[in-house]
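Letters go in sequence order (proteins before strands), and every chain restarts at 1.
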There are 2 protein chains.
Amino acid sequence: MSNSNRYTVIMRDPLPQLPGYSLRRAAHATAAELGARLATLGLRQVDASVLILIAENADVTASALGRQLDIQRANMVPLLKKLDDEGLIERQPLDGKSQALLLTAAGRERMEAALGIIHEFEDELLARIPARHRDHLLPALNALWR
Amino acid sequence: MSNSNRYTVIMRDPLPQLPGYSLRRAAHATAAELGARLATLGLRQVDASVLILIAENADVTASALGRQLDIQRANMVPLLKKLDDEGLIERQPLDGKSQALLLTAAGRERMEAALGIIHEFEDELLARIPARHRDHLLPALNALWR
DNA sequence: TCCAGATAGCTATTGCCCATAACAATACCG
DNA sequence: CGGTATTGTTATGGGCAATAGCTATCTGGA
């Protein structure tokens, strides 16, 4: 089975030589894959991230979560509402204006299922990388944004 | 100047240990930076990518460009229209249904300016990465999506 | 030569994600 | 105690990408 016909032209393409461009493409491709798997749980990546952070940090507030994940407060509202509507999180008043977030039992189950999918996916990602480059990816990436 | 007040809580956050998550965050952060710089030229990243590919491949078609960049044919239309309206590209009929894309003089200038910004940015990106990890980023990223 | 299937370019539409602005209520700090 | 900062929220808009569908055209095999 030939990999190229009349329509798959070999094109001069310097873009993959640019780390920024490859970063963009790799992120897009992997996000699509992981997103499809998490969708089987009715979760998006950002939903899973929120569940994981709540699990690790009982009684966080929505604002603190947003700061950690770089999500605007305003955009946390529909996100948390969805998780609340599905019975995955609970909110308890901390004081007159803040509310503590915590996982329900269902939320913990869902979070653990998501974590399983995520870890399996991460393993697959790393497996695609030639061994000599593998351990350098995470520290290199984290140097770019943390 | 303290880096933490009452509101910047130290949170347990296992997410940056996940390559997929760090990939997402790094891509988002770097895209925002590069995007802001290219905006000074009135270009988005995808616009610059298209200009670069046309420069390297005279007379490509919109469809071939879309395949190379993973952009739907339908979404190439407004993209190319914008570049056309700004006088950066020209279209010449190849046959009854295909059209060849090429840069105008203004398009080449704009493309070279964008390339300057991009290369400078790429250099800065790499400079942020500890030397021992630096050369591994590109091959690791490309292993994830190519 | 002719025709079925594939392709090109395009329109229209939709949903999703994110940014911004604004607001009332509340908490904090000097 | 009073000004300032923060919280949670609503409303809104823009940008981007995916989908479906359409017409015209090209291609390759019978």
Notebook entry, point to check: Considering residues at least two apart in sequence or located in another chain, which fulfil the side chain to side chain contact (heavy atoms under 4.5 Å, CB included) criterion with B:Arg132?
Noted result: B:Pro130
Margin query: Among residues at least two apart in sequence or on other chains, which ones pass side chain to side chain contact (heavy atoms under 4.5 Å, CB included) with A:Gln45?
Written below: A:Ala31, A:Leu34, A:Leu38, B:Arg24
Notebook entry, point to check: Can you name the salt bridge (Lys or Arg N to Asp or Glu O under 4.0 Å) partners of A:Glu124, sequence neighbours left out?
Noted result: A:Arg37
Note to self: I need the full list of salt bridge (charged side-chain N to carboxylate O under 4.0 Å, His left out) pairs touching residues 103-113 of chain B, with sequence neighbours left out, sorted by first then second residue.
What the structure shows: B:Glu86-B:Arg110
Note to self: Within this structure, what is the CG-CG distance for the pair A:Leu15 and B:Leu53, rounded to the nearest 0.5 Å?
What the structure shows: 4.5 Å
Item checked: No-H, no-angle donor-acceptor pair, B:Lys97 side chain to D:dT25 base, under 3.5 Å -> yes
Check: When the distance from CD1 of B:Ile71 to P of C:dC10 is rounded to whole Å, what number comes out?
Finding: 15 Å
Next item on the list: With sequence neighbours excluded, tell me which residues meet salt bridge (Lys or Arg N to Asp or Glu O under 4.0 Å) with B:Asp85.
Entry: B:Lys81
Next item on the list: Measure the distance from CD on A:Gln99 to P on C:dA25 and round it to the nearest whole Å.
Entry: 17 Å
Margin query: Between B:Asn142 and A:Pro16 (side chain of the first, backbone of the second, donor and acceptor by atom type, cut-off under 3.5 Å), is there such a pair?
Written below: yes
Item checked: Distance in angstrom units between B:Leu69 CG and D:dA17 P, rounded -> 11 Å
Next item on the list: Please name all residues satisfying side chain to side chain contact (heavy atoms under 4.5 Å, CB included) with B:Asp95, sequence neighbours left out, ordered by chain then number.
Entry: B:Lys97, B:Ser98
Notebook entry, point to check: Residues from residues 74-95 of chain B sitting under 4.0 Å of DNA chain D, heavy atoms only?
Noted result: B:Ala74, B:Asn75, B:Asp95
Notebook entry, point to check: Looking at C:dT20, D:dA18, C:dA25, which one has an atom nearest to any side-chain atom of A:Gln72?
Noted result: C:dT20
Next item on the list: Enumerate the residue pairs fulfilling ring pair (Phe, Tyr, Trp, His ring centres under 6.0 Å) with a member in residues 92-146 of chain B, sequence neighbours excluded, ordered by first and then second residue.
Entry: A:His133-B:His136, A:His136-B:His133, A:His136-B:His136
Checklist line | Residues in salt bridge (Lys or Arg N to Asp or Glu O under 4.0 Å) contact with B:Arg134, at least two apart in sequence or another chain | finding: none
Notebook entry, point to check: For the helix from C:dT1-D:dA30 to C:dG30-D:dC1, how many degrees between its two end axes (five pairs per end), to the nearest 10°?
Noted result: 40°
Note to self: On DNA chain D, compare the nucleotides closest to A:Ala62 and B:Ser98; which residue's is nearer the 5' end?
What the structure shows: A:Ala62
Item checked: Nucleotide C:dC10, atom P - distance to CG of B:Leu65 in whole Å -> 13 Å
Check: In whole Å, what is the span from the CG atom of B:Leu101 to the P atom of C:dA8?
Finding: 12 Å
Next item on the list: List for me each residue that meets salt bridge (Lys or Arg N to Asp or Glu O under 4.0 Å) alongside B:Glu120, sequence neighbours excluded, and say none if there are none.
Entry: none
Next item on the list: Map A:Gly96 and B:Arg24 onto DNA chain C by nearest heavy atom, then report which one ends up closer to the 5' terminus.
Entry: B:Arg24
Margin query: Just the rounded figure in Å: distance from C1' of C:dC23 to CZ of A:Arg73.
Written below: 11 Å
I'd like a table of atom pairs between the protein and nucleotides 14-17 of chain C - only N or O on both sides, under 3.5 Å - with the distance next to each one.
from: C:dC17; atom 1: OP2; to: A:Arg44; atom 2: NH1; distance (Å): 2.7

Note to self: Check the phosphate of D:dT7 against A:Ser63, side-chain N and O only, distance under 4.0 Å to OP1 or OP2. Yes or no?
What the structure shows: yes
